[in-house]
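Structure first, commentary second.
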Amino acid sequence: MQEALTIAQSCADSAPRVHTRGVVPDNAVALVNLQTFGCQMNEYDSELVGSLLHGRGYGFTAEDHKADVILFNTCAIRETAHARIFARLGDLQHEKRQRPELVVGILGCMAQNLKEDILLKFPVVDLICGPDSYRQLPDLIDRARGLRERGAGIDLSEYETYDDIAPTRVEGVNAWIAIMRGCDNFCTFCVVPYTRGRERSRDPRGVVDETRRLADQGYKQVTLLGQNVNSYRHDAADFADLMLQVADVPGIERVRFTSPHPKDFPEKLLHAIADHPHLCKQIHLPLQAGSDRILKKMNRGYTPDEYQRLAERIREIIPGVAISTDIICGFCGETDEEYLETERIVREVEFESAFIFKYSERVGTIAAKLWPDDVPEDVKSQRVTRLVELQKQISAKKHHAMLGGTVRVLIEGESKKSAAEWRARTEANTIVVFADPTKQVGDFCNVRITETTPNTLIGVAA
Ligand code: 5AD
Ligand code: SF4
């Protein structure tokens, strides 16, 4: 059984992405294969790493057998994320016997989470480097290549925002921009405050300059990233102020963000989204659980009622808004009745889409210290399956209601099934598949919806 089931469009558990920008100058000092696992923040961090290594003369290759250095930028949020990397390291043992000069590095949350244990347990690994230590990475690689020295950069920082580094972007129509790093919320199930450290916000001037550069390069959409964007603060500026500044950058037509926290969602932001045509009418609002007791135990800071009232208020202020969510099934001690409370909220709120996960105990978290992970695996699986089924019905119903209507989409690339069709996205973040040979990636287009599935809309150019 799959660990995380979603009927949303992208997911922390999807296939790794390989960094290929900045690519293969003939005189590169060495070739790096950089594979990114996990969330969008990791994708952004890989672009920072790309820039730092490019500055030292490294080139990039998508083919790991041609690489002098293989780097995995990793996730620690659930055990399956770790397991995938362990499997990769197992595969690499053979490769390293053939090519002893190959350098292997673990970057990101797993490096920060497991620290030197990785070096002890996996002789194949030459270096580890956590999310606040990427400036040390070129030196760590140089030492591993030149002196065959194993090394670790795992200090967390209260200040590092990499504000002065221009990430080398992976091609696409969307660019990620980290506006803050770290998290101070300490939800009891979550490892992020330990792997990404304390919360810190970037100067809005740096964020707006980055957005301008992206617009100059032809990007039409940016997504602002932070573990809890509501707590973005820089001098007098809050997150709504920042969003409005970014939305006013000429050439940027869509601005998205992820994720806000339901406990302190500012109304000012809702009005900003309602009023500015470039701010997408789409909000990802992690629910996590529907039971009051479980939410308290998770340290989420809101009751189910407060969450529902917020969802209603969002829909009042921003008509037509799409709300998506994250849900964890089988948190410590969650009873059947408590799980059913989650179903009730899902039924009542009617999310546009949802990422639904089985609880995965993480070493070092408050939950792991205080309570046993006592909901049996098969019960967790059944709850996830039921909830996915319920959400599928809701999404199918919502998509069906769009039949015959016209939506404005931004083309992202070829559809997975056919090169003759485009894969595009609505403002609400729904995938639309359609054909129009006169268009290209990055174009906007109106599409009339002729067919729907729980995940996708299918249509014709209007
Ligand atoms: N187990 C399962 N899911 C988790 N998430 C975070 N920590 C865990 C965990 N220990 C989920 C939450 C979060 C999303 C990014 O991942 O739903 O919002
Ligand atoms: Fe983890 Fe909670 Fe912070 Fe999100 S808000 S990163 S779930 S601790």
Side-chain angles (χ1 to χ4, degrees), residues 1-6 8 10-14 37-43 75-83 108-110 112-113 131 178 180-200 225-232 239 257-265 283-290 294-302 307 323-334 339 342 345-346 351 353-375 377 380-381 383-384 387-388 391:
M1 165 99 188
Q2 210 182 328
E3 173 264 357
L5 291 172
T6 83
S10 71
C11 176
D13 299 289
S14 59
F37 297 76
C39 65
Q40 294 105 338
M41 192 64 95
N42 267 11
E43 285 198 42
C75 170
I77 203 124
R78 284 170 289 274
E79 189 51 34
T80 44
H82 278 188
C109 286
M110 185 174 159
Q112 196 65 46
N113 189 214
M180 57 196 300
R181 300 181 71 87
C183 182
D184 287 351
N185 281 310
F186 289 92
C187 299
T188 56
F189 53 80
C190 185
V191 78
V192 168
Y194 310 93
T195 61
R196 289 191 166 270
R198 299 288 57 75
E199 210 166 79
R200 62 223 103 115
L225 300 175
Q227 251 70 42
N228 173 13
V229 295
N230 302 353
S231 41
Y232 175 89
F239 183 62
F257 67 100
T258 194
S259 294
H261 197 302
K263 76 173 174 188
D264 52 5
F265 201 109
I283 293 179
H284 185 69
L285 193 68
L287 166 66
Q288 310 301 5
I294 295 294
L295 283 174
K296 279 207 180 73
K297 223 171 148 175
M298 288 176 160
N299 190 31
R300 289 292 290 173
Y302 52 86
Y307 183 96
I323 306 180
S324 56
T325 200
D326 290 341
I327 294 172
I328 298 176
C329 292
F331 185 60
C332 312
E334 186 187 61
Y339 159 73
T342 307
I345 295 200
V346 168
F351 296 105
S353 62
F355 296 91
I356 300 165
F357 308 103
K358 284 201 266 184
Y359 171 60
S360 168
E361 186 177 76
R362 311 313 295 139
V363 174
T365 57
I366 299 163
K369 285 183 193 142
L370 293 184
W371 308 296
D373 175 13
D374 54 1
V375 176
E377 271 309 292
K380 286 183 189 170
S381 298
R383 290 179 188 171
V384 168
L387 215 47
V388 165
Q391 182 56 46

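When a ligand or atom number is given, it counts from 1 through the structure's own listing order. Just so we're clear, the structure is a prediction, and the values are computed from it rather than from any experiment.
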- Query: If you measure from each non-hydrogen atom of Lys263 to ligand 2, which part falls under 4.0 Å: side chain, backbone, both or neither?
  - Reply: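 Neither part.
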- Would you please indicate yes or no on a ring centroid separation below 6.0 angstrom for Phe331 and Tyr339?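 Ring centroids of Tyr339 and Phe331 are no less than 6.0 Å from each other.
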Do side-chain atoms of [X] reach the backbone of [Y] as a donor and acceptor pair under 3.5 angstrom?
| X | Y | answer |
| --- | --- | --- |
| Gln391 | Phe351 | yes |
| Asn299 | Phe186 | yes |
| Tyr302 | Leu287 | yes |
| Thr325 | Leu285 | yes |
| Thr188 | Lys297 | yes |

Give the atom numbers and elements of ligand 1 that come within less than 4.0 Å of a heavy atom of [X].
| X | answer |
| --- | --- |
| Gln288 | 12 (C), 13 (C), 17 (O), 18 (O) |
| Ile328 | 3 (N), 4 (C), 5 (N), 12 (C), 17 (O) |
| Arg362 | 10 (N) |

- Query: Quick one: does ligand 1 sit under 4.0 Å from the side chain of Ile77, the backbone, both or neither, non-hydrogen atoms only?
  - Reply: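 Both the backbone and the side chain of Ile77 come within reach of ligand 1.
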- Query: At a non-hydrogen distance cut-off of under 4.0 Å, which region of Phe357 contacts ligand 1 (side chain, backbone, both, or neither)?
  - Reply: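 The answer is the side chain of Phe357.
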- Item | Closest candidate by heavy atom, reference atom 5 (N) of ligand 1, pool Arg78, Gln227, His261 |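 Comparing heavy atoms across Arg78, Gln227, His261, the nearest one to atom 5 (N) of ligand 1 lies in Arg78.
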- Item | Contacts of atom 1 (Fe) of ligand 2 with protein N/O/S atoms, counting only those under 2.8 Å |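 Metal shell, protein only: Cys190 SG.
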- Consider ligand 1: state whether an atom of it lies below 4.0 angstrom from any non-hydrogen atom of Lys358.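 Checking ligand 1 against Lys358, which is what was asked, there is a heavy-atom contact under 4.0 Å.
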- Please state whether Arg196 comes within less than 4.0 angstrom of ligand 2, counting heavy atoms only.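 No.
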- Message: Looking at every heavy atom in both Gly333 and Asp374, which two are closest together, and how far apart are they?
- Response: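 Minimum heavy-atom separation between Gly333 and Asp374: N-OD1, 2.7 Å.
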- Task: Report the distance from atom CE of Met41 to atom CZ of Arg196, rounding to the nearest 0.5 Å.
- Result: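 That separation rounds to 5.5 Å.
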- Query: Got a second to check how far Gln227's CD is from Glu199's CD, nearest 0.5 Å?
  - Reply: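 Atom-to-atom, Gln227:CD and Glu199:CD are 9.0 Å apart.
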- Item | side-chain contact (heavy atoms from CB on, under 4.5 Å) involving Asp326 - partner list, sequence neighbours excluded |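 Applying side-chain contact (heavy atoms from CB on, under 4.5 Å) to Asp326 gives His284, Pro286, Gln288, Phe355, Phe357.
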- Item | Presence of salt bridge, Glu377 and Lys358, under 4.0 angstrom |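 Yes, charged N to carboxylate O under 4.0 Å.
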- Task: Would you check the N or O atoms of Phe189, main chain and side chain alike, for any that come under 3.5 Å of an N or O of ligand 1?
- Result: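 Min N/O separation from ligand 1 is below 3.5 Å for Phe189.
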- Query: Any N/O of Ser360 closer than 3.5 Å to an N/O of ligand 1?
  - Reply: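 Checking ligand 1 against Ser360, an N or O pair does fall under 3.5 Å apart.
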